Amino acid sequence: MTATCVILDIGGVLEITPETGWVQRWEERLDLPLGTVHERMRDVWRAGSVGSISEREVHEQVAARLGLDAPKVEAFMADLWAEYLGTPNEEFIDYVRGLRGTCRLGILSNSFVGARDRETTLYHFDELVEQIVYSHEIGIEKPDLRAFEATCASLNVQPENCLFIDDVAVNVEAAQAAGMQTHLFEDNARTITRIAAHLDASPWAPGRVPLG
């Protein structure tokens, strides 16, 4: 029997993550032209997202490229994490918590080195789902099809039995190409309705006789 599965994104789905304007504030504080931080740090952000650089090395590069001393590096990174982590989408998290035992549950997140420890401490996503696949740990980001394949493998499920939920259209399109059912997250109500329909359509839904 092949399990029905729901796979979730984190930022913009399980976490509410509006832009905080922290980068612009730092550029003003450092008297740098708009866009300078991302221009100088782009390759570091990329390396952090696929795990080819450590947190310590990120801090070293921030210090070197932006001319910050240790306390300012800590403050800069604290602002980065504040936007990255956002606030919990409590209503949706509560709904997902209630799904445990009715289907397989996983997370696939484009992430940054250090995310697992912080999100585990703050939000306990490790208790919400069975498997969390972070881009910085597998070295692959969505929309690369291999990210979806890795997530299915970690859960031992077939893509056609999975509903993938993300707030970024290109990632949803890639999941479709990987053979998954998909839903573009726009709000909790529509997403909960879509998950319920996915589970009701399963041949292993409560009250249904499994197909041989």
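Throughout, residue positions are numbered sequentially from 1 according to the sequence presented. Note that the structure is predicted; figures quoted are calculated from it, not measured.
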*Test side-chain contact (heavy atoms from CB on, under 4.5 Å) applied to Arg65 and Asp43, step by step*: CA-CA 12 Å; Arg65 298 183 184 205; Asp43 60 324; 2.5 Å; yes
*Begin with the C-alpha distance, continue with both residues' side-chain angles, and end with the deciding distance and a verdict on side-chain contact (heavy atoms from CB on, under 4.5 Å) for Val168 and Asn110.*
CA-CA 11 Å; Val168 177; Asn110 282 357; over 6 Å; no
*asked:* Apply ring-ring contact (aromatic ring centres under 6.0 Å, His included) to residues Phe164 and Phe148 and explain how you reach the verdict.
replied: CA-CA 9 Å; Phe164 175 72; Phe148 303 98; 5.2 Å; yes
*Show your working on salt bridge (Lys or Arg N to Asp or Glu O under 4.0 Å) between Glu27 and Arg40 and close with a plain yes or no.*
CA-CA 12 Å; Glu27 287 171 337; Arg40 293 184 185 178; over 6 Å; no
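No side-chain donor-acceptor contact under 3.5 Å links Thr4 to the backbone of Cys103. Between the side chain of Thr120 and the backbone N or O of Asp117 there is no donor-acceptor pair closer than 3.5 Å. Between the side chain of Glu15 and the main chain of Gly86, no donor-acceptor pair closer than 3.5 Å is present. A donor-acceptor distance shorter than 3.5 angstrom exists from the side chain of Gln181 to the backbone of Glu160, with no hydrogens or angles considered. Side chain of Asn89 to backbone of Val13: a donor-acceptor contact under 3.5 angstrom is found.
Note: Trp22 and Phe76 have perpendicular aromatic rings, judged against thresholds of 30 and 60 degrees for the angle between ring planes.
No more than 12 heavy atoms of other residues, nucleotides or ligands sit less than 6.0 Å from atom CG of Asp31. Residue-environment remark: CZ (Arg118) exceeds the threshold of 12 foreign heavy atoms within 6.0 Å.
Scanning both residues, Tyr95 and Ala196, for their nearest heavy atoms gives OH-N, 3.8 Å.
Thr182 and Gln176 form a side-chain donor-acceptor contact under 3.5 Å, judged by distance and modelled atom types alone.
With rounding to the nearest 0.5 angstrom, the CZ atom of Arg104 is 5.5 Å from the CG atom of Leu155.
Note on residues 179-200: pairs passing ring-ring contact (aromatic ring centres under 6.0 Å, His included), not counting sequence neighbours, are Phe92-Phe185.
Between Arg194 and Glu186 there is no salt bridge, since no side-chain nitrogen of the basic residue lies less than 4.0 Å from a carboxylate oxygen of the acidic one. Between Arg97 and Asp94 there is a salt bridge, since a side-chain N of the basic residue sits under 4.0 Å from a carboxylate O of the acidic one.
Put simply, the side chain of Tyr84 reaches to within 4.5 Å of the side chain of Glu119, judged on heavy atoms.
With sequence neighbours excluded, no residue forms a salt bridge (charged side-chain N to carboxylate O under 4.0 Å, His left out) with Arg25.
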